[in-house]
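I have placed the structure first, in the form of structure tokens, so that the comments after it can refer back to it.
First the proteins, then the strands, lettered A, B, ... as listed; each starts at 1.
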Amino acid sequence: MTPTTIEMLLKDALLTAQKSGLLKAAPPEAIPLEVPKSDAYGDFATPIALSLSQAEGCPPRKIAQYLTDLCKTSALFESSRIDKIEIAGPGYLNFFLQDAYWHLCLQAIHREGSNYGRAMVGNGKRVQVEFVSANPTGPLHVAHGRAAALGDAIARLLQATGHTVEREYYINDIGGQMALLGQSTYRRYLSLYGRTLPLAPEGYHGAYIADIAKVIREADGDRYLSGPEEAHLTFFTSQSCKILLGWIKRDLEQFGIHFDNFFSEAGLYANNEVASALALLRTKGVLCERDGALWVTTTRLGDDKDRVVVRSNGEHTYFASDIAYHRNKFNRGFDRLINIWGADHHGYVARVKAAVAAMGEDPGRLHILVHQNVSLLRDGKPVPMSKRSGEFVSLKEVISEVGVDAARFFFLMRRSNTALDFDLELAKKTSQENPVYYVQYAHARLCSIMRMAEAAGVKPDSTPDNVTSDVLLLLKFPEECALMKQLALYPSVILGATEALEPHRLTFYLQTLAGLLHRYYFQRRIITDDARLTQARLALVGAVRIVVKTALDLLGVRAPETM
RNA sequence: GCGCCUGUAGCUCAAUGGAUAGAGCAACAGCCUUCUAAGCUGUGGGUUGCAGGUUCGAUCCCUGCCAGGCGCACCA
């Protein structure tokens, strides 16, 4: 018995229907289950008969009738704790459950603990999540923070559903921008010694450039002052990259993000992989020379124009490395690749997919998730940010202002393809207006109750773990039932969020669950003079605590025990 | 001009093609001799940008328009 019994029952019924010829199609991957707005529509409902109607060419209510009959004759029905199934409206199946159903859910949560909601649907499939991958030409800023929170939460969701996950950061550590970085830090280095060689207008002007120059001065002193600029640029380029990468890694670690692999673009050239990938494209007949440059004819594969891979000056474009990089990824044998890109890269989706397809790989295994921008708000007004002038708010500043937990939670409060307004004032508030505090407070409050219960002498042999069903029968208030239902929903939220790559569903779920908990807390006392009732209520709120902590963990947000 | 994303309550946003489109915030009115008031209760609030189309049924899919964001290099 698990909270997903209804899904299993329906799948079983659908399978039987298919075998016996009542239905043509196989059961879908996931059975849509919803909690109806009104209790009159049961505890759970599914519009599955409605959605199958079109494909089956059969009226929805008729399908609903089939499924109802098959459910009732299924071997699983006896143990499913279903009180009754009704066909309602256009063809909904409304499930009314016995109280015992919820009690079994609670016991399952206590039994499984932090494993509750985990699933094995991934079957150990290997998934790579590549995210952040910010160029090492400056510190991480807020938009990178969104990518970091998003990618890590998706990775955690995939792990929780039985996938083998690798987190990777791709480093653009070669090319024109890097050369510009080296030149910028070199000239700032000179200016530390009173020599002025003006920064190129297209160079990097941020204050951090001087910080890098100072680090180099600390380490090596004035030894790069003499000789021509050209003699020092290689060193300044590689050293600046190294220093910046160190800062980026430190910021990421502070943000709780750990990458399994940092993949160097320069390495692709060192290993001759770019040339080899281009050679592969040549054998596929998608390369051509035009105007002295080398192009990939991606137009034939869904892109809106052809793309240059080798410029007429002989230099490779970044697209050339991207092709080699994605070939390398596929060669590493991942079942699925997920790239998380900022909105400014959305124009690259078509060309990368086209190149992947041209190399004979399945572009369907490459999922490119594009997230929209983040604007910081202070006092309701946008904080001005301009990449060009080097005036932007770094991730580090945001974290030190609002904390890791608020930052991660806020980055995950919106669907990734909508622009995100990050309200700095709200993120710092310690009141119910601030969603992350609201949720964390629920956890702290529960921990406090547990401590009180212990102090009140709740016996060890009546801990929630082995609370018996007859004790749980004492949970009969509507708000208790609402909590149990929300808890029972958790596994399907995890599956849905993973499938859609939408961690924001978890932040919404948590806010709802926390709301139910706070309401319950104010309406009913948990620790009472009645020992059995106390046990039952502790079992309930204990399960809430487990789910809140587990869900926060998937978002990378701490669940504090006191606040 | 072309492409992608977005348009839902005053604000910020949810809602797999399904039942009467939901939350939170803000506003207003209440609640602390009791487990954390960092909280709770109640009230009002909608032509889902506009116009068509597909469907038994559209916030969701298709077409056109309007508005905002982001792209549109032999830059990354």
Side-chain angles (χ1 to χ4, degrees), chain A residues 28 30-34 36-38 40-41 45-51 53-54 59-60 88-92 94 135 137 172 175-178 180 202 290-295 304-305 307-319 321-322 342-350 370-373 375 377 380 413-421 423 426 429-435 437-438 440-442 444-453 455-456 496 499-500 504-505 507-508 511-512 514-515 517-528 534 537-538 541 562-563:
Chain A
I31 308 290
L33 262 194
E34 55 194 48
K37 281 155 245 163
S38 161
Y41 295 141
T46 178
I48 185 83
L50 295 164
S51 18
S53 170
Q54 213 141 39
Y92 278 97
N94 293 340
N135 289 355
T137 53
N172 294 113
Q177 294 304 312
M178 290 310 295
L180 217 45
E202 70 277 19
R290 202 187 306 155
D291 307 327
L294 191 64
W295 301 68
D304 52 5
K305 50 183 90 162
R307 306 293 173 177
V308 170
V309 280
V310 182
R311 293 192 261 164
S312 52
N313 67 5
E315 286 176 18
H316 289 84
T317 61
Y318 279 71
F319 183 45
S321 336
D322 281 339
D344 52 342
H345 285 76
H346 74 252
Y348 274 62
V349 174
V370 174
H371 68 84
Q372 299 300 311
N373 289 330
S375 343
L377 299 183
M413 281 199 305
R414 303 281 176 259
R415 243 166 57 229
S416 60
N417 62 354
T418 66
L420 171 67
D421 286 330
D423 188 331
L426 180 62
K429 276 191 184 161
T430 54
S431 73
Q432 47 115 5
E433 297 160 63
N434 181 352
Y437 265 81
Y438 188 72
Q440 287 185 315
Y441 182 61
R445 172 170 265 173
L446 290 174
C447 290
S448 172
I449 292 169
M450 296 303 178
R451 285 190 298 268
M452 293 301 284
E499 195 185 354
H504 78 275
R505 296 186 190 197
T507 58
F508 279 90
Q511 289 177 80
T512 305
L517 186 273
H518 288 310
R519 248 155 268 158
Y520 177 55
Y521 171 87
F522 265 79
Q523 274 160 19
R524 311 287 169 195
R525 282 196 63 82
I526 289 147
I527 301 167
T528 65
T534 301
R537 291 184 172 173
L538 282 176
V541 300
T562 57
M563 285 172 77

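- Contact annotation for A/Ala444: base contact, defined as any heavy-atom pair under 4.0 Å involving a base atom.
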Q. Which string of ( ) [ ] | and . matches RNA chain B, if you list each base 5' to 3' and count Watson-Crick or G-U pairs only when both distances are under 3.5 Å?
A. (((((((..((((....[...)))).(((((.......))))).....(((((..]....))))))))))))....

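- Atom C1' of nucleotide B/C35 and atom CD1 of A/Ile449 are separated by 5 Å, given to the nearest angstrom.
- Comparing A/Arg445 and A/Gly176 along RNA chain B, the residue whose closest nucleotide (by nearest heavy atom) sits nearer the 5' end is A/Arg445.
- Under 3.5 Å, the side chain of A/Ser448 and the base of B/C35 form no donor-acceptor pair of N or O atoms.
- Taking atom P in both B/C60 and B/A73, the straight-line distance is 33 Å, to the nearest Å.
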Q: Starting at the 5' end of nucleotides 1-13 of chain B, put B wherever the base has a protein heavy atom under 4.0 Å, S where only the sugar-phosphate does, and a dash everywhere else.
A: --BBSS-----SS

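- Across the protein-nucleic acid pair, A/Leu517 atom CG and B/A38 atom P stand 16 Å apart, rounded to whole Å.
- The interatomic distance linking A/Phe522 (CZ) with B/G30 (P) rounds to 18 Å, in whole Å.
- Counting any heavy atom pair closer than 4.0 Å across all strands shown, A/Lys305 reaches sugar-phosphate atoms only and no base atom.
- Note on A/Thr562: a base of the nucleic acid sits closer than 4.0 angstrom, heavy atoms only.
- In this structure, the side chain to side chain donor-acceptor pair (under 3.5 Å) partners of A/Arg505, at least two apart in sequence or on a different chain, are A/Glu502.
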